[in-house]
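Here is the naming used below: chain letters follow the sequence lines, and residue numbers restart at 1 for every chain.
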2 protein chains.
Amino acid sequence: MSAALPNWEKARDEFVAQWGALGSHWGINRTMAQIHALLMTAPEPMHTDEIMERLRVSRGNANTNLRELVGWGLIRVVLKKGERREYFEAEKDVWQMFITIAKERKRRELDPALMVLRSCAEQTQSEKTGAGLDFHRQMRELQEFVEFGMKVSDTVASMKHASALQWAMRLLG
Amino acid sequence: MSAALPNWEKARDEFVAQWGALGSHWGINRTMAQIHALLMTAPEPMHTDEIMERLRVSRGNANTNLRELVGWGLIRVVLKKGERREYFEAEKDVWQMFITIAKERKRRELDPALMVLRSCAEQTQSEKTGAGLDFHRQMRELQEFVEFGMKVSDTVASMKHASALQWAMRLLG
DNA sequence: TTGAACTTTCAGTATTTAATGAAAACATGA
DNA sequence: TCATGTTTTCATTAAATACTGAAAGTTCAA
């Protein structure tokens with residue numbers, strides 16, 4: 001059996017478990033959220049077998065979700081000298097994490113929505129009255145709102161943490 | 001059979017179908033997203049049977065998702081004089097929709113996450129060195145970040161569309 | 001090359017989530 | 001009260017998604 005865990009590891013286990021549960025109820029699969037939580041709180045990079053053991057998941061599952069997290073840009077592969085296997089470490093800076101997630105969600109969620117809205121608005125260009133016109137306007141409004149939101153998000157994502165903070169403080173002020 | 005659809009209804013059907021597909025890949029079930037899209041573009045309030053027919057879904061499914069949308073605050077029940085059954089209409093103002101969704105997601109996604117972070121930070125208060133301290137700091141940072149985000153979101157949600165726009169424009173410069 | 005260490009794939013299975021449809025519950029006016 | 005129109009519930013079924021484990025693939029040092 002494994003050695004007794006230091007005290008903080010209890011809290012860590014809670015974090016990993018709960019984060020997994022939360023993740024699944026906002027569209028991220030449980031294992032992926034758990035691996036991310038685990039690596040986010042790992043003092044050192046971890047390899048696949050450590051992760052498998054700690055979370056009690058299969059190799060296939062661990063591998064798939066590690067690749068997925070790499071794809072999101074939330075973790076990266078680290079190679080250790082003289083070792084063949086891959087280690088993984090998470091981005092730990094909260095601001096950087098936020099930016100990464102915001103960009104990725106924009107790409108996955110907003111970009112395709114925008115395509116739909118544009119297409120629907122375009123198809124109804126020529127509606128000049130009544131319900132057809134209302135529909136056209138609704139699509140345009142949604143489209144413009146999403147485009148605007150994307151611009152704001154791009155701007156924020158390009159800011160340093162400190163200046164974003166300052167800017168937000170002025171708002172809250 | 002039903003009468004031929006006016007031209008704009010073609011675009012509407014596309015909107016409904018695609019919105020459903022999108023919804024399901026960001027954590028909202030397909031029928032719910034479709035009903036919302038349908039009502040958002042409805043010239044008049046609709047009743048359950050119209051929705052069932054238009055989307056080809058069962059009564060149970062329609063009912064469940066209508067209630068869910070009412071729960072989100074995205075649609076409301078409308079009663080017509082001299083009619084017994086309930087009609088539904090969606091909030092159409094984009095800014096208002098945005099605020100409603102933001103509030104609800106905060107309640108469902110951020111609030112529980114915050115609980116976890118607070119609990120984990122608290123449990124490791126007394127860690128003074130090494131990995132335990134790092135963990136504690138990580139939890140604190142996450143907690144503070146989420147709390148800050150929530151404040152910003154509350155502030156924005158309390159603004160009128162016009163002033164939010166103005167404020168955002170200043171950011172975009 | 002060979003084979004050991006490691007990674008990826010994928011068919012099969014398990015789990016979770018959503019949808020159906022019929023029965024039960026509820027409301028209303030006669 | 002009863003008959004009728006309407007909504008809700010829920011056991012069952014269907015569909016989507018996640019996970020496993022073993023086999024195939026890859027890499028690299030000897």
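- For the pair B/Ile28 CD1 and C/dT17 C1', the interatomic distance rounds to 15 Å; values are reported in whole Å.
- At a threshold of 4.0 angstrom between heavy atoms, the contacts of B/Ser24 with the nucleic acid are absent.
- Judged as a salt bridge (Lys or Arg N to Asp or Glu O under 4.0 Å), and not counting sequence neighbours, the contacts of B/Glu104 are B/Arg107, B/Arg108.
- For A/Glu14, there are no salt bridge (Lys or Arg N to Asp or Glu O under 4.0 Å) partners, not counting sequence neighbours.
- For residues 129-141 of chain B, the set of pairs meeting the salt bridge (charged side-chain N to carboxylate O under 4.0 Å, His left out) definition, not counting sequence neighbours, is empty.
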Anything under 3.5 Å between a donor and an acceptor, one on a side chain of residues 146-154 of chain B, the other on a protein residue two or more places apart or in another chain? List them.
from     : atom 1 : to       : atom 2 : distance (Å)
B/Glu147 : OE2    : B/Arg118 : NE     : 3.3
B/Glu147 : OE2    : B/Arg118 : NH2    : 2.8
B/Glu147 : OE2    : B/Gln143 : NE2    : 3.2
B/Asp154 : OD1    : B/Lys106 : NZ     : 3.1
B/Asp154 : OD2    : B/Lys106 : NZ     : 3.3

> In B/S/- notation, 5' to 3', how is nucleotides 1-16 of chain C contacted by protein heavy atoms closer than 4.0 Å?
Replying inline: ---BBSBBB-------

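- Taking 4.0 Å as the cutoff to heavy atoms of chain B, we find the contact window on DNA chain D bounded by D/dT4 to D/dT9.
- Side-chain contact between A/Arg76 and A/Phe88 is absent, with no heavy atoms from C-beta onward closer than 4.5 Å.
- Among residues at least two apart or in separate chains, ring-ring contact (aromatic ring centres under 6.0 Å, His included) pairs with a member in residues 45-83 of chain B are B/His47-B/Tyr87.
- Applying the ring-ring contact (aromatic ring centres under 6.0 Å, His included) test to every pair with at least one member in residues 149-173 of chain A, sequence neighbours left out, gives these pairs: A/Trp95-A/His161, A/Trp167-B/Trp167.
- Remark: B/Thr31 is not in phosphate contact with C/dA18, judged by side-chain N or O atoms under 4.0 Å from OP1 or OP2.
- Residues forming a salt bridge (Lys or Arg N to Asp or Glu O under 4.0 Å) with A/Glu44 (at least two apart in sequence, or on another chain): none.
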